Amino acid sequence: MRLPVLAILTSFCGLIFALPPPIKTNITAETRVKIPDVIVTCTNHWFDMGDLRKARDYLVLWGSEYEVPSGCMKYERVNDVIYYQCNCKWGPSDPVVLGELEEAERLLAKECGRGKTGRVLSRTWDKTWEINPYKMFQEIRHGHYAQILCPTNCARCTVQAGARDED
């Protein structure tokens with residue numbers, strides 16, 4: 001018994017169009033942000049990857065409406081992970097860019113090991129991205145985070161700091 005060609009094509013097309021669209025799971029070389037002229041410094045504390053992702057998401061969410069003013073830092077804390085960006089420029093504000101955060105994480109993992117803390121400094125862009133344990137913040141007098149955690153003579157203020165204890 002032969003099936004009509006139209007029935008075969010209709011069945012085949014129905015199967016193809018019923019499949020969900022592919023999900024993009026990795027950053028490709030074409031979409032990856034390249035941070036220029038970097039210095040990576042490892043602080044060698046372990047952190048929870050889930051907390052890191054949440055802190056990054058909160059930074060990006062904040063960055064969808066605001067920018068880090070010149071000479072300031074913005075941080076987000078989730079449990080024991082502090083993720084922050086320092087804007088060392090004395091002029092323009094800096095956006096919080098997901099691609100830059102992901103590239104900073106990739107550079108840290110490459111130099112320090114996956115799940116280890118550290119700093120990525122771009123001398124060209126005059127900004128840093130850092131991941132550190134909350135205990136480092138607890139040892140600093142309130143209000144002086146930027147002066148101590150960002151590079152020397154970089155930042156003097158902290159903007160809308162976020163802190164969350166989550167499960």
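The structure presented is a predicted model; accordingly, all values stated were derived computationally and were not measured.
Of the possible donor and acceptor atoms, one in the side chain of Asn87 sits under 3.5 Å from a partner among the backbone N and O of Val68. A donor-acceptor pair under 3.5 Å links the side-chain atoms of Thr117 to the main chain of His45, judged by distance alone. One N or O on the side chain of Lys89 and one on the backbone of Trp125 form a donor-acceptor pair closer than 3.5 Å. Of the possible donor and acceptor atoms, one in the side chain of Arg77 sits under 3.5 Å from a partner among the backbone N and O of Asn79. Looking at Asp37, its side chain never comes within 3.5 Å of a backbone N or O of Ser122 through a donor-acceptor pair. Looking only at distances, a side-chain donor or acceptor of Gln85 sits under 3.5 Å from a matching main-chain atom of Pro95.
Here the CE atom belonging to Met49 is positioned 6.5 Å from the CD atom belonging to Glu105, to the nearest 0.5 angstrom. Atom NZ in Lys127 sits 3.5 Å away from atom CG in Asp94 (nearest 0.5 Å). To the nearest 0.5 Å, the span separating CZ on Arg156 from SG on Cys86 amounts to 12.5 Å. To the nearest 0.5 Å, the span separating CG on Leu121 from OG1 on Thr41 amounts to 7.5 Å. Taken from CZ in Arg114 to CG in Leu108, the straight-line distance is 12.5 Å, to the nearest 0.5 Å. Separating the CD1 atom in Ile82 from the OH atom in Tyr134 is a distance of 6.5 Å, to the nearest 0.5 Å.
Pairing of Cys88 with Cys154 by a disulfide is supported, the SG atoms lying closer than 2.5 Å.
When the side chains of ILVMFWY residues are joined at heavy-atom separations under 4.5 Å, either directly or via intervening members, Leu101 and Leu107 end up in a single hydrophobic cluster. Trp129 and Trp62 fall within a single hydrophobic cluster, where Ile, Leu, Val, Met, Phe, Trp and Tyr side chains are chained together by heavy-atom contacts under 4.5 Å. In the hydrophobic clustering of ILVMFWY residues, with side-chain heavy atoms under 4.5 Å counting as a link, Val120 and Ile39 come out apart. Placement of Leu61 and Tyr75 in two distinct hydrophobic clusters is found when ILVMFWY residues are connected by side-chain heavy-atom separations under 4.5 Å, directly or transitively. Cluster annotation: Trp46 and Leu52 are assigned to distinct hydrophobic clusters (Ile/Leu/Val/Met/Phe/Trp/Tyr, side-chain heavy-atom contacts under 4.5 Å, transitive).
The two residues Val96 and Leu59 have their closest heavy-atom pair at CG1-O, 3.6 Å. Summarising the geometry of Cys150 relative to Ala155, their closest heavy-atom pair is SG-CB, 3.8 Å, with the distance given to 0.1 Å. Minimum heavy-atom separation, Ile35 to Ala104: CD1-N, 3.9 Å.
Residues Asn132 and Tyr84 meet the side-chain proximity criterion, which asks for heavy atoms closer than 4.5 Å. You'll find the side chain of Pro151 reaches within 4.5 Å of the side chain of Glu130, heavy atoms only.
Seen from the ring of Tyr83, Arg56 does not count as a face-on cation partner, given the 6.0 Å and 45° thresholds.
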Exercise for review: Carefully, step by step, assess Cys42 and Cys112 under the rule disulfide (SG to SG under 2.5 Å).
Suggested key: CA-CA 6 Å; Cys42 303; Cys112 307; 2.0 Å; yes
